[in-house]
Amino acid sequence: MELRSGEPSGKAKEREKEKGKRAHRDSSREVLEWRESFDQLLKSKNGVTAFHTFLKTEFSEENLDFWLACEDFKKTRSKTKLASKANRIFEEFVQSEAPREVNIDHETREITRKNLSGATSACFNEAQAKTRTLMEKDSYPRFLKSASYQDMTKQAASRGTSKRLHT
């Protein structure tokens, strides 16, 4: 708790309490926004965490991990690091029999392999788009129907209701 000079401790406690209410309100709104679109879920750090936790229960988190690795890869500026990261991502997720192989077709796998020879920040774009589509059409609807997400939305809705009752 931050005390401002000359501020009574009661005021500081009041500010902290209000900050906590805003955070709950924001997180409640955020949870409910995840069902609006897959993009909303992916934009939210908490949404990605909740979705990842759900995917682990289905033993299918490799698609999201690959998508996140590609997002991080796109931010790489060093040509040397770009090439080494590209190879690591390919070996971990894309090549046939990779330890965490993503579900993409042979043609996309081959295009991605060829893209490695001149690794650019776009070399995984096609494979990333395919895994994103797969998650959006398959895993995301199951996540929205899951008990864990339903519980989160009920908690978010009840926080919204209790807030309206107390203001």
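The chain is numbered in sequence order, starting from 1.
- Between Asp105 and Thr108, the side chains place a donor N or O and an acceptor N or O closer than 3.5 Å (distance only, hydrogens not considered).
- A 4.5 Å side-chain heavy-atom check between Ser44 and Glu33 finds every atom pair outside the cut-off.
- A distance of 10.0 Å separates CE of Met135 from OG of Ser60, quoted to the nearest 0.5 Å.
- Phe38 meets the ring-ring contact (aromatic ring centres under 6.0 Å, His included) test with Phe51, Tyr140; sequence neighbours excluded.
- Inter-residue side-chain proximity for Trp34 and Thr153 is flagged as unmet; no heavy-atom pair is nearer than 4.5 Å.
- Ring to ring, Tyr149 and Phe54 are not that close: their centroids are 6.0 angstrom or more apart.
- Of the inter-residue distances, the one linking Asp65 atom CG with Ile89 atom CD1 reads 11.5 Å to the nearest 0.5 angstrom.
- Within a 6.0 Å sphere centred on CD of Glu107, other residues, nucleotides and ligands contribute 12 heavy atoms or fewer.
- Hydrophobic clustering of Ile, Leu, Val, Met, Phe, Trp and Tyr side chains at less than 4.5 Å, counting indirect connections, unites Leu55 with Val48.
- Side-chain heavy atoms closer than 4.5 Å link hydrophobic residues (I, L, V, M, F, W, Y) into clusters, and following such links, even through other members, never connects Phe73 to Leu64.
- Nearest heavy-atom pair across Glu91 and Pro99 is O-CD, 3.3 Å.
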Working for side chain to side chain contact (heavy atoms under 4.5 Å, CB included), residues Asn125 and Lys74 = CA-CA 9 Å; Asn125 283 1; Lys74 290 175 188 176; 3.5 Å; yes

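- The salt bridge (charged side-chain N to carboxylate O under 4.0 Å, His left out) pairs that include a residue from residues 46-64 are Glu58-Arg142, where partners are two or more places apart or lie in different chains.
- Atom-to-atom distance recorded for Phe143:CZ and Thr53:OG1 is 8.5 Å, nearest 0.5 angstrom.
- The shortest side-chain heavy-atom distance between Phe90 and Thr112 falls under the 4.5 Å cut-off.
- Note: Leu32 CG to Gln40 CD = 11.5 Å, rounded to the nearest 0.5 Å.
- Side-chain atoms of Thr120 come within 3.5 Å of backbone N or O of Ala122 as a donor-acceptor pair.
- From Arg132, atom CZ reaches atom CG of Leu42 across 6.0 Å, with rounding to the nearest 0.5 Å.
- Following chains of ILVMFWY side-chain contacts shorter than 4.5 Å, one can reach Leu82 starting from Phe66, so the two form part of one hydrophobic cluster.
- Leu134 and Trp67 sit in two unconnected hydrophobic clusters of ILVMFWY residues. Membership requires side-chain heavy atoms under 4.5 Å apart, directly or through other members.
- Heavy atoms only, all atoms of each residue included: Val94 and Ile104 are closest at CG1-CD1, 3.9 Å.
- Of the inter-residue distances, the one linking Asn103 atom CG with Asp138 atom CG reads 9.0 Å to the nearest 0.5 angstrom.
- In terms of heavy-atom proximity, Cys123 sits nearest to Leu116 at SG-CD2, 4.4 Å.
- Nearest approach of Phe93 to Ala69, heavy atoms of both residues: CE1-CB, 4.2 Å.
- Electrostatic pairing of Lys85 and Glu92 does not count as a salt bridge here, judged by no charged N lying under 4.0 Å from a carboxylate O.
- Side chain to side chain, Gln128 and Glu71 meet the donor-acceptor criterion of an N or O pair below 3.5 Å.
- With contacts defined as side-chain heavy-atom distances shorter than 4.5 Å, the pair Glu136/Asp39 does not qualify.
- Between the side chain of Glu101 and the backbone N or O of Glu97, at least one donor-acceptor pair lies under 3.5 Å.
- Taking 4.5 Å as the limit, every side-chain heavy atom of Glu30 sits out of range of all side-chain heavy atoms of Met152.
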